[in-house]
Amino acid sequence: MENELFEAARGAMAKAHAPYSKFPVGAAILAEDGKIYTGANIENLSFPEGWCAETTAISHMVMAGQSKIVEVAVIAEKLALCPPCGGCRQRLAEFSGASTRIFLCDETGVKKTLSMSDLLPHSFETEVFG
Ligand code: THU
């Protein structure tokens with residue numbers, strides 16, 4: 001599944017809309033239903049309005065009715081390994097467990113595997129919202 005996720009993330013990266021940064025990113029999520037949901041970064045001329053590949057992939061997963069991430073792969077064309085940004089770590093954590101695996105890929109495959117708790121230790125958690 002690791003390799004399938006890598007291929008899906010790489011395919012998604014090819015669809016990035018990144019004319020400003022010229023930094024295409026792709027993400028692929030394996031959800032609990034056994035399906036893969038992909039995303040690319042989508043930038044905007046009004047720079048702060050763009051968003052990350054992981055966020056697009058999460059959106060696809062949620063709109064398919066899924067709420068549990070099993071594994072994630074991330075790839076960026078211009079960076080050997082692209083760890084998700086801080087905001088995306090929190091977004092991924094919303095749908096992950098501590099041991100959910102995050103595969104960091106280069107153009108040849110998975111190069112590093114991290115757990116969600118490696119990626120976002122001491123994450124924001126509270127019972128206040130039920
Ligand atoms: N980017 C992602 O898509 N995911 C990340 O985790 C890091 C950054 C995108 C946002 C922006 O379109 C481009 O990479 C440069 O920051």
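Along the sequence shown, residues are numbered consecutively beginning with 1. Indexing begins at 1, ligand by ligand and atom by atom, following the structure's order.
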Next on the checklist: Using a 4.0 Å cutoff against the non-hydrogen atoms of Glu43, which atoms of ligand 1 qualify?
Outcome noted: 11 (C), 12 (O), 13 (C)

Item to check | Nearest protein heavy atom with distance in Å, relative to atom 16 (O) of ligand 1 | outcome: Phe23 CD2, 4.7 Å

Checklist outcome for this item: One finds that the ligand 1 atoms under 4.0 Å from a non-hydrogen atom of Ser21 are 13 (C), 15 (C)

Next on the checklist: Less than 4.0 Å is my threshold; does some heavy atom of Pro84 fall inside it relative to ligand 1?
Outcome noted: yes

Item to check | Pro84: which of Val72, Leu120, Leu104, Leu114 passes side chain to side chain contact (heavy atoms under 4.5 Å, CB included) | outcome: Leu104

Next on the checklist: Closer than 3.5 angstrom, by distance alone: can the side chain of Asn41 be matched with the main-chain N or O of Ala18 as a donor-acceptor pair?
Outcome noted: no

Checklist entry - To the nearest 0.1 Å, how far is atom 9 (C) of ligand 1 from its closest protein heavy atom, and which atom is that? => result Asn41 ND2, 3.5 Å

Next on the checklist: Need the ligand 1 atom indices (1-based, order shown) with element for anything under 4.0 Å from a heavy-atom of Ala53.
Outcome noted: 2 (C), 3 (O)

Next on the checklist: Could you tell me if the side chain of Thr100 sits less than 4.5 Å from the side chain of Glu71, heavy atoms only?
Outcome noted: no

Checklist entry - Between Ser59 and Thr55, is there a donor-acceptor pair closer than 3.5 Å when you use the side chain of the first and the backbone of the second? => result yes

Checklist entry - Can you tell me which residue and heavy atom of the protein come closest to atom 6 (O) of ligand 1, and the distance to 0.1 Å? => result Glu54 OE2, 2.7 Å

Next on the checklist: Could you measure the distance from the CD1 atom of Ile42 to the OG1 atom of Thr56? Nearest 0.5 Å is fine.
Outcome noted: 4.0 Å

Checklist entry - Does Glu94 come within less than 4.0 Å of Arg91, counting only side-chain N to carboxylate O? => result no

Next on the checklist: Heavy-atom pairs closer than 4.0 Å: do any link ligand 1 to the side chain of Cys88, the backbone, both, or neither?
Outcome noted: neither

Item to check | Numbered atoms of ligand 1 (with element) below 4.0 Å of Val25, judged on heavy atoms | outcome: 1 (N), 2 (C), 3 (O), 4 (N), 9 (C), 14 (O)

Next on the checklist: With a 6.0 Å cut-off (strictly less than), is the heavy-atom count around NZ of Lys68, excluding the residue itself, greater than 12?
Outcome noted: no

Checklist entry - Are the ring centres of Tyr20 and Phe47 closer than 6.0 Å? => result yes

Checklist entry - Right, does atom 12 (O) of ligand 1 have protein non-hydrogen atoms nearer than 4.0 Å? => result yes

Checklist outcome for this item: Among non-hydrogen protein atoms, atom 8 (C) of ligand 1 lies closest to Cys52 SG, 3.9 Å

